[in-house]
Amino acid sequence: MEIAIAEKPALRRTISVMVENKFGVLARIATLFAARGFNIDSLAVGETEDPSVSRMTIVATGNETVLEQVEKQLNKLIDVIKVSNFEGEPHLERDLALIKVNADKNNRSEIFQIVDIFRAKIVDVASDSLIVEITGDEDKIQALESLLKPFGIKEMVRTGIIAMARGKTAYSK
C-alpha cells in the first residue's frame, strides 16, 4: 500500500528589492535565482525617486521554504538595500502590454469597441494592424488578449509586474 504525500501548493510572491543603482546588480540577483533552480515569473526594474536607487519588482512562484530562502539570500547581497514582499499587505500590481493585432476595414470598429471596454488605448494604426496599449492586472491583460486572438495577434510585449504598497506604507531606504 502506497501512502500519497500531498505537496504544498506553489505560492506566488511579489517581492520588492531596493538596490544600489550600479552595474551588475541585476546579473547578481538573476544568478541567485538561477543557482537555486528557481524561475522568475516577472521582473521589472527601474530607477526610483532617488537616482542612486533602483527598485526591482520580482514575481516568483514556489513553496514557502524556497521563497523565504530566496528573500534571505537577497538580503545578504551587498548592493541590496531592502527586501520586502507584499504578502498580506494591501498593494497595487500593474502590468503594461502592447499588442499588435491584425486589423482591416472590416474588423477595425469591432476591435475599437473591445479595446474601449477594457479602457485600453489604440496607440498606432497601420493599414493592416493596430497596436493596443493596456495597463492593469494580469487577468485583465489576459482577458483582452483572448478576445483579440481571433483577429490574429501579430506580436505582444509586456513590461512585467510593478507593485506598490497602498496608503502610508513606503518601501524605500
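What you see is a predicted model; the values in this text were computed from it and never measured.
Between D79 and R28 there is a salt bridge, since at least one side-chain N of the basic residue sits less than 4.0 Å from a carboxylate O of the acidic one.
With rounding to the nearest 0.5 Å, the separation of OG1 in T57 from CG in L43 is 8.5 Å. Distance check, rounded to the nearest 0.5 Å: CZ of R94 to CD of E138 gives 12.0 Å. Atom CD of Q73 and atom NZ of K76 lie 4.5 Å apart (nearest 0.5 Å). Distance CG/D95 to OG1/T135: 8.5 Å, rounded to 0.5 Å. Separation of atoms CG (D104) and CG (N106) is listed at 4.5 Å; rounding is to 0.5 Å. To the nearest 0.5 angstrom, L98 atom CG is 10.0 Å from K100 atom NZ.
Side-chain atoms of I111 and L148, non-hydrogen and from C-beta on, do get closer than 4.5 Å to each other. The side-chain heavy atoms of I15 and F86, taken from C-beta on, include no pair separated by under 4.5 Å. A 4.5 Å side-chain heavy-atom check between R55 and V45 finds every atom pair outside the cut-off. In this structure the side chain of K154 never reaches within 4.5 angstrom of the side chain of V101, judged on heavy atoms. Residues L74 and L32 have side chains in contact (heavy-atom distance under 4.5 Å, counting atoms from C-beta outward). Side-chain contact between F118 and V132 is absent, with no heavy-atom pair separated by less than 4.5 Å.
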With side chain to side chain donor-acceptor pair (under 3.5 Å) as the test, would you mind laying out the steps for S52 and D50 before giving the verdict?
CA-CA 5 Å; S52 69; D50 178 351; 2.8 Å; yes

Taking it one step at a time, do N21 and V53 satisfy side chain to side chain contact (heavy atoms under 4.5 Å, CB included)?
CA-CA 5 Å; N21 193 2; V53 177; 5.8 Å; no

Tell me, with the steps shown, if F112 and V115 meet side chain to side chain contact (heavy atoms under 4.5 Å, CB included).
CA-CA 5 Å; F112 269 84; V115 168; 5.7 Å; no

Can you list the steps and then say if K140 with D137 is a side chain to side chain contact (heavy atoms under 4.5 Å, CB included)?
CA-CA 5 Å; K140 179 180 178 182; D137 62 27; 3.4 Å; yes

For V80 and V17, run side chain to side chain contact (heavy atoms under 4.5 Å, CB included): C-alpha distance rounded to whole Å, both residues' side-chain angles, the deciding distance at 0.1 Å, then the answer.
CA-CA 7 Å; V80 170; V17 185; 3.9 Å; yes

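Considering all non-hydrogen atoms of both residues, M56 and V19 come closest at SD-CG1, 4.1 Å. Residue S42 comes nearest to G160 through the heavy atom pair OG-CA, 3.2 Å, listed as atom of the first residue, atom of the second, then distance. The two residues V25 and E20 come nearest to each other via the heavy atoms CG2-O, 3.6 Å. Taking all atoms of both residues into account, the shortest heavy-atom contact from A120 to I134 is CB-CB, 3.9 Å. Here the closest heavy-atom approach between residue R158 and residue A97 is recorded as CG-CB, 3.7 Å. The two residues T48 and S54 come nearest to each other via the heavy atoms CG2-C, 3.9 Å.
Note: the hydrophobic cluster containing L26 also contains V70 (ILVMFWY, side chain heavy atoms under 4.5 Å, direct or indirect links). No continuous path of ILVMFWY side-chain contacts below 4.5 Å connects M164 to L96, so the two sit in separate hydrophobic clusters. Clustering ILVMFWY residues whenever any of their side-chain heavy atoms sit less than 4.5 angstrom apart, transitively, puts V59 in a cluster other than the one holding I40. I131 and F151 fall into different hydrophobic clusters, defined by Ile, Leu, Val, Met, Phe, Trp and Tyr side-chain heavy atoms under 4.5 Å apart, directly or through other members. No continuous path of ILVMFWY side-chain contacts below 4.5 Å connects L144 to V123, so the two sit in separate hydrophobic clusters.
Other residues, nucleotides and ligands contribute more than 12 heavy atoms inside 6.0 Å of the CD1 atom of I141.
The side chain to side chain donor-acceptor pair (under 3.5 Å) test applied to T14 returns E93, not counting sequence neighbours. Scanning for salt bridge (Lys or Arg N to Asp or Glu O under 4.0 Å) contacts around R13 gives E64, E71, E87, with sequence neighbours left out. E133 pairs by the salt bridge (Lys or Arg N to Asp or Glu O under 4.0 Å) definition with K121, not counting sequence neighbours.
A donor-acceptor distance shorter than 3.5 angstrom exists from the side chain of N63 to the backbone of V66, with no hydrogens or angles considered.
Counting only N and O atoms by type, the side chains of N85 and S16 include no donor and acceptor under 3.5 Å apart. Side-chain contact, N102 with S129: no donor N or O sits under 3.5 Å from an acceptor N or O.
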